[in-house]
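Report on the following structure.
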Amino acid sequence: MAVIDPWGAELHADYEKIVKQFGLEVFDASAFPQPNRLMRRKVVFAARDQKLIADCIKKKKPYYALTGIMPTADKVHFGNKMVVEQLKYFQDHGAKTFILIADLEAATTRGVSLETARKRALDFHIPAYIALGLDPKKTTFYFQSENKDVVHLAYEAAQKITLNEFKAVYGSADPSRIMAAVTQVGDILFPQLTERMPGVIPVGIDQDPHIRLTRDVVARTKTTHNFFPPAGIYHKFTPSLSGGLKMSKSQPAGNIDLPEDPLDACKKILKAVSGGRKTLEEQRKLGAEVEKDMAFELLKMHLIEDDKTLNKIYADYKSGKMLTSELKQIACEKMTSFLNDFTTKLEKARKHLDALTFITFH
Ligand code: TRP
């Protein structure tokens, strides 16, 4: 039986197969008003209960959007950027927005102390999310370790899950993972303790096991809580520039972190796997294999907002009018301005931390 492991093993990139295997819905951008770049370009590709959320948006009914940050390093990556962009979409379309710092999860699965997690989150992760576009004034933050509702729900969830089920969903059942997973169930549901309403969790597809587990817990606590099952909206991974499924630290040559020195980022783009042909002549005659080109993928997923501009680049590159060196030049310029902008906004966000709203139970 196939499993998705949210803590590590890499998935096969066959996104269509994942949709079928795990009973997901194909994401339908046309159901959502003003779909963002990721939605329009099918980077967001799968969902659970998307109609419920689309309906809340259209009818202006209350709902929430929630995500968590694991503060394991002093860097974020393009995967986090996608999460923020998705959250921002829902935030701009009426969602009450929650961001939690998964300090309990980081402690139990990665051995990061609560103090270190706290410091990192305040110094870096929260400002980074703001720099990526989240509106801090419209967001409620908390640390897992400081939210009693979350902890209580986690204990309740633990009572509703069997070891066999856990193994079937996650592939293995280390005690630390069980702790992290039930805590995440608590995160996903706790806004409904105050107000029963649908909620959406925009995440990379690797987090779907948590959504499935939460939906099972919801079904089993119907008589006590009657929660709405959480909706999931899933995006693909940002591929490694060296062609792998996912940018990751284990493949440094193909990985761009946030922040990163723009010169280093451009060097990596220059070496990225391309869809260019072997000779200039061939390229002019046959055009590039755009689908294989990682620099184009970056432009499409992250760096070019305007559809017409992107389509023109696609057409020129595909027809042989544009060369790989020219495409990479564009990617490098766009990446440089994105990285510089990120650094500026990060510094600015750091100065305004006192204006944030945190849930605490001291
Ligand atoms: N497990 C998530 C991660 O590894 C973090 C997380 C904790 C989370 N609680 C959550 C994500 C609730 C979405 C919703 O990054």
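Note that the numbering runs from 1 along the sequence shown for the chain. Just the heavy atoms: all of them, side chains too, but no hydrogens, waters or symmetry mates, feed the values below. Numbering of ligands and ligand atoms starts at 1, following listing order.
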### Task
Mark up the atoms of ligand 1 that fall under 4.0 Å of a heavy atom belonging to Glu105, in ascending order.
1 (N), 2 (C), 4 (O), 5 (C), 6 (C), 7 (C)
### Task
May I ask you to list the atoms of ligand 1 that are less than 4.0 angstrom from any heavy atom of Ala102?
7 (C)
### Summary
Going by the 4.0 angstrom heavy-atom rule, the piece of Thr183 near ligand 1 is neither
## Note on the structure
Heavy-atom proximity to atom 14 (C) of ligand 1 ranks first, among Val203, Leu66, Asp187, for Leu66
### Query
Which ligand 1 atoms, with their elements, are less than 4.0 angstrom from a heavy-atom of Ile201?
13 (C), 14 (C)
### Query
N/O to N/O below 3.5 Å, does that happen between Thr67 and ligand 1?
no
### Query
Taking the six-membered ring for Trp, are the ring centroids of His210 and Tyr170 within less than 6.0 Å of each other?
yes
### Task
Can you spot which of Ile130, Thr357, Ile126, Ile99 makes a side-chain contact (heavy atoms from CB on, under 4.5 Å) with Pro136?
Ile130
### Exceeds 12 heavy-atom contacts within 6.0 angstrom, atom CZ of Phe358
yes
### Task
State yes or no: are the ring centers of Phe338 and His302 separated by less than 6.0 Å?
no
### Message
Please confirm whether the ring centroid of Tyr234 lies under 6.0 Å from the ring centroid of Phe45.
### Response
no
